[in-house]
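Notes to accompany the following structure.
All values below were derived from every heavy atom in this structure, side-chain atoms included, with hydrogens, water molecules and symmetry-related copies excluded. Note that the coordinates shown come from a computational prediction; the quantities given were computed from them, not determined experimentally.
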Amino acid sequence: MKQLIWVILLAVGCHKEGTGAPGPGGQASGASPASATVAQPNGAAPASPAAPTQAAPATGDAIAALDDFDRWLAPIWKLEGAARIQATCRAQHGLVARATTLQHAPAPAHAAADRWQEETTRLATTTGTLDLCCRTRDNSCLSDLHEVFVGLVALASGVPPADRHKDDPAQTDDAPAAQAQPPATAGKALAALQAAAAVLSDALGSNATTPAALCKTGHDAVAAAERMLNAPGLDVPPSIAAEWSALLMNVGAFDSQVCAPGKPAALKDIRNALMDLCDRATQVIEIARKAAQPAKAPTK
């Protein structure tokens, strides 16, 4: 499943090299200390151990975001076969946007912050593969996504179980005509995209002849691209928010997917991974440009 991330998109731009085969893709509870009997003054009876405190129901932004994500995922999950993949593809951008919201929400009460960040990032990364699954009509993406979401829900105390919205109507992405016009700061976002694409393109054109050398070049490129796409004060237009998030997820996964320490992929697969990232950036640029174009006046 993870290999789908590196399926090569045959988009325009960034193809400086020939194509090739796609590249690869509870915390244990400690023993409670024994409750010691403490002698009381004046011969009073020993104090009874305090009753264990039950976790209070979780509240806050994270819980609202979990509920919102379930409202989108649960009605799709109960479907089967072609109906499931069709509904997934109609809701893919909405799922990506809501996974991003969860990723930026602070950990709810009683959830370890590091585990919450790890699992929400995993959810966002898995959601980012939905576009590839829609292209290949692969239903396994939703199975992976549902599994990750169930685990995330389990981290938050006092939250209803996953699939509580299974009988709700299936959600779909807003039609392009209903999306908001890009804000005035869209020019900064487009500039950041173009700079990131240029860095990735330079890495793709590297003359590196060994996997280790190309991994070093690729690592430096994706790190620079991440800094550009996460620049402070950057206001990403709503029209490209989902694609922007998916690009960031795939940029962030480059090292672990093809350049794991001591286990780099084949040189051809690393180039294909860089080509995929470069093509994705080019596609987002094209979407941003189209969204920024003023609507044409109706022809009389």
Spatial distance of atom [atom1] ([X]) from atom [atom2] ([Y]) [nearest 0.5 Å]:
X: L200; Y: M275; atom1: CG; atom2: CE; answer: 12.5 Å
X: R122; Y: L145; atom1: CZ; atom2: CG; answer: 10.5 Å
X: T88; Y: L79; atom1: OG1; atom2: CG; answer: 8.0 Å
X: C134; Y: Q92; atom1: SG; atom2: CD; answer: 4.5 Å
X: Q283; Y: E243; atom1: CD; atom2: CD; answer: 9.0 Å
X: R84; Y: C89; atom1: CZ; atom2: SG; answer: 12.5 Å

Path from [X] to [Y] over hydrophobic side-chain contacts below 4.5 Å:
X: V148; Y: I85; result: no
X: L142; Y: M249; result: no
X: I287; Y: L277; result: yes
X: F254; Y: L267; result: yes

Would the number of heavy atoms belonging to other residues, nucleotides or ligands and lying under 6.0 Å from NZ of K216 be above 12?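 12 or below, so no.
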Does D114, at its CG atom, have more than 12 non-hydrogen atoms belonging to other residues, nucleotides or ligands within less than 6.0 Å?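 For D114, atom CG is crowded (more than 12 foreign heavy atoms under 6.0 Å).
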On the 0 to 90° scale, with breaks at 30° and 60°, tag the H146-W77 ring pair as parallel, tilted or perpendicular.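 Rings of H146 and W77: parallel, as their planes differ by under 30°.
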Shortest non-hydrogen contact from [X] to [Y]?
X: D70; Y: D163; answer: OD1-N, 2.6 Å
X: L102; Y: A65; answer: CD2-CB, 3.5 Å
X: V222; Y: V251; answer: O-CG1, 3.5 Å
X: F149; Y: L66; answer: CZ-O, 3.5 Å
X: A99; Y: A124; answer: CB-CA, 3.9 Å
X: Q117; Y: T120; answer: O-OG1, 3.2 Å

Sort out for me which residue in T100, D144, V96 forms a side-chain contact (heavy atoms from CB on, under 4.5 Å) with T127.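 Testing T127 for a side-chain contact (heavy atoms from CB on, under 4.5 Å) against T100, D144, V96 leaves exactly one candidate, V96.
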E286 versus T282, side-chain donor and acceptor atoms under 3.5 Å: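 Note: T282 and E286 side chains miss the donor-acceptor criterion.
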Donor-acceptor contact present, side-chain [X] to main-chain [Y], <3.5 Å:
X: S256; Y: A253; result: yes
X: K78; Y: K166; result: yes
X: W72; Y: T172; result: no
X: T101; Y: A97; result: yes
X: R280; Y: N250; result: no

Can you find a pair of side-chain heavy atoms, one from [X] and one from [Y], that are under 4.5 Å apart?
X: L247; Y: L193; value: yes
X: S206; Y: L214; value: yes
X: I270; Y: C259; value: yes
X: H165; Y: L73; value: no
X: L123; Y: F69; value: yes

Taking transitive links into account, so neighbours of neighbours count too, which hydrophobic residues share a cluster with V199 at under 4.5 Å side-chain distance?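 Reading the cluster by chain and number, V199 sits alongside M228.
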Run the side chain to side chain contact (heavy atoms under 4.5 Å, CB included) test on L155 and L152 for me, step by step, so that the C-alpha distance in whole Å, both residues' side-chain angles and the decisive distance to 0.1 Å come before the verdict. CA-CA 5 Å; L155 288 180; L152 183 61; 4.2 Å; yes
Can a salt bridge be assigned to the pair R164 and D67 using a cut-off of 4.0 Å between side-chain N and carboxylate O?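 The answer is yes: the pair qualifies as a salt bridge.
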Of all pairs that satisfy disulfide bond (SG atoms under 2.5 Å apart), the ones with a partner from residues 99-131, not counting sequence neighbours: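 Residue pairs passing disulfide bond (SG atoms under 2.5 Å apart), neighbours aside: none found.
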